[in-house]
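Note sheet for the following structure.
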Amino acid sequence: MSLITPSSRSRGGGGKAGARKHENNRIYANPLPLLFVEPPPSRIGSVLGLLGLSLTRVENPHCEGIFDPITRSVWVSNSAHSMILWRRGFFGKGDLSRSEPSWLARQINIRKSGGKQLTSEEITARRRAERKQFKRDRAAAIAAVAEEAEAIFASEGRVIAPALSGPAIPSAATWRPTSQPQPEESPSPAEGETEILEDEAPLVDVEHLQLTLQEAFFLLWNLDCLTVFDPTTMEPMTLQQIWIAFQKAELPLFTSSPSTVVESLEFDNPFLINYAVYHHYRSLGWVVKGGIKFCVDYLLYKRGPVFAHAELALVVMPVYEDIEDQKTSSIDLHNSSPFAWSWLSTINRVNSQVQKTLILVYVTIPAKTRVSQSVLLTPACLAHYSVREVVLRRFIPARMRD
Amino acid sequence: MSSDTRIIPLRVVNKTAYIWDVDDIAIVRSKHRICGILVGTLPHLSQQNVFLGVPLVLMPEEAALLVNIGAAVFVDDPNAHRNPTIPQLEAWSAEQRDLARSQIELTETKTAKESANPTRAMSEDALRKRREREERKKAKAAEVAAQQAAAASGSGETELNPSLLLGAPLMSKPETIHTPPTDPLTPSSSELSKSASTPYTIVIPASAASQPWYNASSCTYKTIESARAAGVWDFPATLSDRARSGVFHDLWKQGYFMGGGIKFGGEYLVYPGDPLRYHSHFSASVVESPIASLRPMEIVAHGRLGTATKKAHLLCGWDDEKQEVSYLSIEWAGFG
């Protein structure tokens, strides 16, 4: 478990945090978009149950999304669908939000508070200005104390070590910004703004949920709860079309197009490698999210990001079964050649700072000489890929004796 | 430090530059803002992980910079050790012998002084015990002597043996001086019998440069090119070497001190002054070309790591054509 969870539990007790936890358990009760609906208990049901059958119905939400090759994602614009995909399994991310598509809710909140509520960016800017002011105050106080000591030395000849802390010098713990005459300035423009805001038309949700290609393919291939539309024709795409299109989206746009579809497909396509990893961990019950904010490829969450911090960070390391394939490949696959020690130490340090354990995920790319390229035409080719894991931890001899 | 303007010899072994002289280390640090890393052991410290002794190892960038500014020269250390001539060797072993003898004499006078007034350190009881012990020993020695006298009347060779045994190594192998038991100090047998059991320290000088057979005149290189031609030194050889060298020199020129930065995900840690006085402000990484691609993940990693350790990350782009460096710093700005 992450270090954060116990403390927040103890702090919250039965109060706010506890209530939020309860609420989260209710909202995010379903780990996947599919729902299993139990019929009310009946005689027939119990008889069938004895025979090993059940009347449980699978409720499939059948969400819809549009494939966007440029951003390599599938856009779900229907807000009901995006809510389902987010709340049941944490798929995708709002394009105007950090994770949950919450743009509309935020905008409504801002309107309600009459534009007085600050955005996070504004809060950051204000905090920085305050910190700068604090440092200036502290430096001035220290200089004043030193000057006083100098004066005493000059007049009386006594030597006083100028203090670097004390009652005269502000400390970070106690310093408070002196209230600026800001509030007096702000009312007039703020009032004007609220008037304008009230005149504005009702808000339209402009946000969509972005699914990565891996997420989208997992949803449609394994769970059959997503229909992907072609961006130009707006027709639903078949599994075969999607499979090829997702692979091509990872290839450079303007390459000399080979004569047949098969020739354009490669075993080292990033989509295939990432999908192998995504599918592997999703199947094992983890919630897999992108990990770029911690300079890794994926993060693994237990249940989901709202419940606990991710404890595991994945670095995808593709390995060619046949080295020759790497030499002749047109794709410069990220991390397929060993990276520098300094980089390993960097990402390990970044992740141990945030209490995450680094896992190197080695994905073996099948050799062209062994497996025919035509298997790439269907998802069945994934059977030829294998995944191995190496857990990495920084060993600090002085601190890890017990 | 007789003169601060002297040229510092960088002793190169296996393409790594070392400084062995403490004064030289002080000069490069205080005058040239080059720190290096001490890697030698300090025998009196139980933990050899924080403070270490000579030699000082220089990063290749540091060594190249010192030579480029004319503050130092490369010395091909293995070749500077010539084969010593016979007189040199004899002088050396004589010196060793004198050293050993002076040490032995010192110990002897010390023990003599101690035995002259032994009461100082001993209690009544100990003195009595010692007297008893000496008496027992004397009785035993008398007994042995009586036996030996009986045996010697048979052969008569035993008296000569000690001097023969101890004298022989001096003639054949002068280097056996390292083994005190067969010490060839003096032929006088009475002194020998005593000194053979007296331990003394063999001093091995840290720097071999003072030895008479150490001659660096023919293997000293004032420029990197000449050292490279001689196969002694080859940094900077590649583009990445040139980039590192160029960035290092440029930061150095601006008055910064640099240390190794692998701990913080960079090439160097950049200090505003001596690292003993200041924390580093930047961790710098070298980008080999102004058009080199940079992955977003690197920006994330460096931004996070630098900010967590209160450093800004410095991306130093090297333009090999213009021989210029451009800098860009990254800091993490979390919202909320």
Legend entry - SB check B/Arg304 B/Glu331 (cutoff 4.0 Å): no
Inset, instruction - Apply side chain to side chain contact (heavy atoms under 4.5 Å, CB included) to the pair A/Leu213 and A/Glu250, showing each step before the final yes or no. - result: CA-CA 10 Å; A/Leu213 298 183; A/Glu250 294 283 353; 4.2 Å; yes
Legend entry - Portion of A/Ser342 that has a non-hydrogen atom of chain B nearer than 4.5 angstrom: both
Legend entry - Per-residue contact mode, B/Glu267 against chain A (heavy atom under 4.5 angstrom): neither
Legend entry - Under 4.5 Å from a heavy atom of chain B, the part of A/Val296 involved: backbone
Legend entry - Charged N-O contact under 4.0 Å between B/Glu298 and B/Arg295: yes
Inset, instruction - Select one option (side chain, backbone, both, neither) describing which atoms of A/Asn351 are under 4.5 Å from chain B's heavy atoms. - result: neither
Legend entry - Derivation of the ring-ring contact (aromatic ring centres under 6.0 Å, His included) call for B/Phe248 and B/Trp252: CA-CA 6 Å; B/Phe248 186 92; B/Trp252 176 86; 8.0 Å; no
